[in-house]
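Heavy-atom basis, side chains included; hydrogens, waters and symmetry copies ignored.
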Amino acid sequence: MSKEISSQYNPRETEEKIYRLWMESGFFAPEAHQLRTDNPKSYETFCVSIPPPNIKGSLHMGHALNATIQDILIRKKRMEGYKTLWVPGTDHAGIATQNVVEKNLKKQGISRHDCGREKFLEKILEWKEKYGAIILDQFKKIGVSMDWSRTRFTMDEKYQEAVVFAFLHYHKNGLLYRAEKVINWCTRCQTSLSDLEIEYREEKTKLYYIKYPCVQNKEGEKKKQEWVIVATTRPETMLGDSAIAVHPSDARYKNLIGTPVILPIQNREIPIIADKEIDENFGTGAVKVTPAHDLLDARIGEKNNLPIHKVIGPLGKMTEGAGSAYAGLKVAECRQVILEELARQNLVEKIEEYTHNVAVCYRCEGGIEPLPSLQWFLKMEKLAEKAIEAVEKGEIRFYPKSWEKVYFDWLKNVHDWNISRQIWWGHRIPVFYCDKKLGIQNAQNEERGISDFVVADKKPTACPFCGKCEMVQETDVLDTWFSSALWPFAILGWPKKTKDLEAYYPNHVLSTARDIINLWVARMIYSGLEFTGQKPFTDVIIHATVLTKDGKRMSKSLGTGIDPMDLIEKYGADATRFGIIWQNMGTQDIRWAEEHVFAGKKFANKLWNMARFVMIKTENVAEIPVDITAIAFDDTARAFYQKLTALIPEVSKKIDDYEFGHALHVLYGFIWYEFADTYIEYAKEHDTKENLILLRYALIECITVLHPFMPFITEEIYSTLHTDGALLMIKRWPSK
RNA sequence: GGACGGUUAGCUCAUUUGGUAGAGCGUCUCGUUUACACCGAGAAGGCGGCAGGUUCGAAUCCUGCACCGUCCACCA
């Protein structure tokens with residue numbers, strides 16, 4: 001570095017140049033590490049797989065935080081000599097992507113049904129090509145050291161094979177079944193959803209108290225009661241009622257248990273039954289039971305052998321089962337009509353204001369209707385047991401540990417997983433039906449053969465049932481999380497026994513957001529154990545959530561999101577990484593404050609000028625001796641040197657403990673105050689040969705340890721110190 | 001309804017096991033000193049959410065409450 005170099009650090013030019021340098025070096029791939037001779041740990045591997053982002057849009061602050069965390073880890077490990085592998089990739093994100101592309105087409109006045117399945121899938125692939133590439137490019141801008149030669153996509157050819165293999169395995173082992181059960185149905189997406197794909201919104205609504213007339217008791221019997229009053233928020237579902245349920249020990253109703261009441265409007269007799277799951281204190285203590293359209297009612301119905309009356313269809317409209325007067329009405333419309341009718345019959349006791357949570361789809365926020373539907377399910381009991389055990393035994397550890405509770409709570413109460421989705425974009429279920437018993441096209445159809453199917457990786461040439469038909473593949477696709485669950489090993493070539501799988505599996509660290517602990521992490525854990533017999537990774541880092549300055553969730557639709565690319569544009573990638581990590585302290589969520597990125601920019605500039613100064617002063621200084629301790633330092637220099645030697649293990653430990661923010665704070669304080677303000681100032685007045693050597697030595701040590709946090713500027717400074725083309729990214733990490 | 005996390009300087013956050021509270025940004029004063037004004041030297045600014053308790057001593061431990069946030073849940 002010489003005097004004509006600007007006193008202003010220019011991140012834009014540098015970052016592009018440096019990233020190209022890294023790419024050309026080949027050191028993002030672990031293979032290159034073997035070429036090193038100073039590598040005592042070259043036989044050890046360290047593997048991280050990125051949570052593959054959706055291809056539906058662009059990266060947000062959470063991605064930037066997570067990418068930086070993983071990059072810090074992988075860069076440090078690489079410098080320590082490990083064969084490091086960080087696999088990049090993207091997720092096809094079934095419903096989310098389909099919805100985005102569908103919306104996009106809608107602008108042109110085209111529906112997905114206009115396109116047809118194949119054409120529509122082509123459109124999605126086009127979208128994937130475009131946005132998948134943009135996302136990966138954004139990662140590069142952040143400075144991640146991923147091995148781009150191993151980039152994967154959850155729908156690429158090999159991945160599809162892995163998914164089919166997994167499905168076949170589950171089937172062979174009796175963990176899969178197909179059944180008609182009450183599931184969550186999104187009336188907008190027109191598909192079933194798993195329990196985890198439902199969100200709840202608070203809604204102000206009303207609680208209606210409705211009278212169900214008792215059937216006149218026989219002569220001679222004592223007590224006559226005119227009616228039983230039930231409280232409900234959804235009067236329209238009464239058309240499908242099969243019973244009224246009360247708590248068995250509820251004194252108010254004890255005498256009535258077993259007697260019938262008249263279901264108004266339908267004029268059907270339904271029994272009063274007893275069930276312990278009923279809360280005596282809610283409403284009147286008597287509940288209408290609609291087995292077809294409520295999950296609790298479905299269970300009560302099953303226990304008590306109640307008939308199922310379907311009255312709501314997949315479009316959120318009343319069906320013929322509701323009666324011809326109501327068929328075709330939307331649920332909300334039907335509610336009004338029903339209420340009017342009940343009022344006319346004088347059967348509405350009272351109406352109360354009521355606030356409760358309403359289920360909505362996590363992808364489109366559309367309304368959820370519980371309804372019976374023929375779906376594929378994965379039995380969860382045994383898989384969950386394995387997953388619980390692995391964490392209980394400490395084979396897999398969560399950081400911070402408190403998140404293990406979230407994991408256990410879910411797994412210990414998990415229901416069977418509905419894995420089939422009635423959308424087009426996804427892994428088509430490898431099941432083939434006998435054409436004679438078709439009717440599987442629409443899971444809502446009445447007539448269908450449940451047993452006449454084959455599970456196979458390819459369509460059978462001859463139908464084993466009728467011997468002559470062309471078999472028809474299931475039209476449903478798999479829940480997108482079914483394929484994500486295989487990520488840590490599928491990206492390494494599983495189910496084939498590849499060298500990568502052998503070398504890099506189990507992965508070491510998985511870093512991700514808390515909201516997918518169960519949706520994704522838990523499923524990877526039991527999938528890994530089930531398919532590979534090994535845990536998929538050792539440490540799970542649950543990073544902070546990046547919130548707005550007011551502590552609210554960042555949301556693109558609300559306009560409260562921050563685009564990390566804007567920050568990089570404005571301050572540079574190193575400064576952006578600095579700002580994010582600066583705020584990443586322990587478990588505390590991050591209330592986003594941009595000033596820390598500005599602080600990062602200032603810090604980069606400071607470092608730049610420190611380096612400039614050291615270069616100018618030490619231009620004529622001989623090489624740093626191998627044994628720096630042999631130099632006769634004066635007292636100030638010795639004190640500084642000792643602080644420097646203490647700093648390095650401290651930073652190392654903090655990174656190893658996943659305390660990234662603390663590590664950066666320590667580094668920042670040392671470099672600015674101990675090095676620049678104190679020692680450099682001292683060395684200006686005492687520019688002995690020893691002090692000049694120490695200046696240079698300290699600079700190199702500092703940028704080495706700072707490199708994982710701020711890789712671009714440190715690499716740039718290093719490259720001006722070493723004209724032989726040596727790269728800081730593979731320089732030995734200083735150890736005690 | 002349950003669980004978890006938060007409440008410390010104007011703002012964003014630190015304060016490893018209890019002993020008179022720190023940083024960055026912002027503000028104010030001074031400074032063109034052999035890198036850097038995206039700088040240097042210095043300063044102001046906090047009865048640490050509220051109320052009790054334990055202790056010689058608590059931001060730090062205990063209890064209760066309030067507010068904020070997140071997650072989970074089949075109270076109709």
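A ring-ring contact (aromatic ring centres under 6.0 Å, His included) with A/F578 is found for exactly one of A/Y668, A/F712, A/F598, A/F660, namely A/Y668.
When the shell of 6.0 Å around CD of A/E302 is examined, it contains 12 or fewer heavy atoms from other residues, nucleotides or ligands.
Cation-pi geometry between A/K606 and A/Y9 is not satisfied (NZ or CZ under 6.0 Å from the ring centre, within 45° of the ring normal). For the pair A/R577 and A/W582, the NZ or CZ position fails the cation-pi test of under 6.0 Å to the six-membered ring centre and within 45 degrees of the ring normal.
For B/A23 and B/C71, the P atoms lie 35 Å apart once the distance is rounded to whole Å. Taking the C1' atoms as reference points, B/G53 lies 36 Å from B/A44, given to the whole Å. As rounded to the nearest Å, B/G6 and B/C13 have C1' atoms that lie 12 Å from one another. The same atom, P, is picked in B/G64 and in B/G24; the two are 39 Å apart, to the nearest Å. B/U55 and B/G2: their C1' atoms are spaced 35 Å apart (whole Å). Nucleotides B/A41 and B/G26 are separated by 16 Å at their P atoms, to the nearest Å. Rounded to whole Å, the separation between the P atoms of B/A37 and B/C25 comes to 15 Å. Distance noted for atom P between B/U12 and B/G69: 14 Å (whole Å).
Using a 4.0 Å heavy-atom cutoff across all strands shown, A/H665 reaches no nucleic acid atom at all. Residue A/G283 is classed as having no contact, given no heavy-atom separation below 4.0 Å to the nucleic acid. Backbone-only engagement by A/Y354 is indicated by non-hydrogen atom pairs under 4.0 Å involving sugar-phosphate atoms exclusively. Nucleic acid contact for A/T232: sugar-phosphate only, since backbone atoms but no base atoms lie under 4.0 Å from a heavy atom of the residue. Using a 4.0 Å heavy-atom criterion, one finds that A/D409 contacts no nucleic acid atom at all. Within the nucleic acid shown, A/K617 comes within 4.0 Å of at least one base atom, counting heavy atoms only.
Residue A/M610 contributes atom CE, which lies 10 Å from atom C1' of B/A35 at whole-angstrom precision. The interatomic distance linking A/N584 (CG) with B/A23 (P) rounds to 22 Å, in whole Å. The distance between atom CZ of A/F578 and atom C1' of B/A23, rounded to the nearest whole Å, is 11 Å. Rounded to whole Å, atom P of B/A73 lies 9 Å from atom CH2 of A/W410. Regarding A/L667, its CG atom lies at a distance of 18 Å from the P atom of B/A23, rounded to whole Å. Taking atom NE2 of residue A/H662 and atom C1' of nucleotide B/U16, one finds them 9 Å apart after rounding to whole Å. Distance A/E685 CD to B/A35 P: 12 Å, rounded to the nearest Å. Atom pair A/K601:NZ and B/C38:C1' shows a separation of 6 Å (rounding to whole Å applied).
Without hydrogens or angle criteria, A/D566 side chain to A/I562 main chain gives no donor-acceptor distance under 3.5 Å.
Residue A/R553 has its side chain nearest to B/C71 when only B/C13, B/A76, B/C71 are considered. Of the candidates B/U12, B/A41, B/A73, B/A41 carries the atom nearest the A/D677 side chain, counting heavy atoms from C-beta on. When the nucleotides B/C39, B/A73, B/A76 are ranked by their closest atom to the side chain of A/K606, B/C39 comes out on top.
The base of B/C74 sits with one of its N or O atoms less than 3.5 Å from a complementary donor or acceptor on the side chain of A/R299. You won't find any donor-acceptor pair under 3.5 Å spanning the side chain of A/K405 and the base of B/C4, going by distance alone. Residue A/E277 places no side-chain atom within donor-acceptor reach of the base of B/C75, judged by atom type and a 3.5 Å distance cut-off alone.
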Could you list the donor-acceptor pairs under 3.5 angstrom formed between side-chain atoms of residues 202-210 of chain A and any protein atom two or more places apart in sequence or on another chain?
residue : atom : partner : partner atom : Å
A/Y209  : OH   : A/E352  : OE1          : 3.0

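Ring centroid separation for the pair A/Y682 and A/F640 does not come in under the 6.0 Å cut-off.
Summarising the geometry of A/L339 relative to A/P235, their closest heavy-atom pair is CD2-CG, 3.9 Å, with the distance given to 0.1 Å.
Below 30°, between 30° and 60°, or above 60°: for A/Y718 and A/H722 the angle between ring planes is below 30°, a parallel geometry.
Side chains of A/T688 and A/H686: no donor on one and acceptor on the other come within 3.5 Å. Side-chain polar atoms of A/Y571 and A/E594 form a donor-acceptor pair below 3.5 angstrom.
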*When every nucleotide of nucleotides 24-33 of chain B is labelled 5' to 3' by its protein contacts under 4.0 Å (heavy atoms), B for base, S for sugar-phosphate only, - for none, what sequence of letters results?*
BS--------

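How far CD of A/E280 is from OH of A/Y253: 10.0 Å, rounded to the nearest 0.5 Å.
Positionally, the nearest nucleotide of RNA chain B for A/D195 lies more toward the 5' end than for the other of A/D195 and A/V287. Comparing A/D550 and A/A683 against RNA chain B, the residue whose closest nucleotide sits nearer the 5' end is A/A683.
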*Pairing of RNA chain B as dot-bracket, 5' to 3': ( ) intra-strand, [ ] crossing, | other strand, . unpaired, with Watson-Crick or G-U pairs under 3.5 Å?*
(((((((..((((........)))).(((((.......))))).....(((((.......))))))))))))....

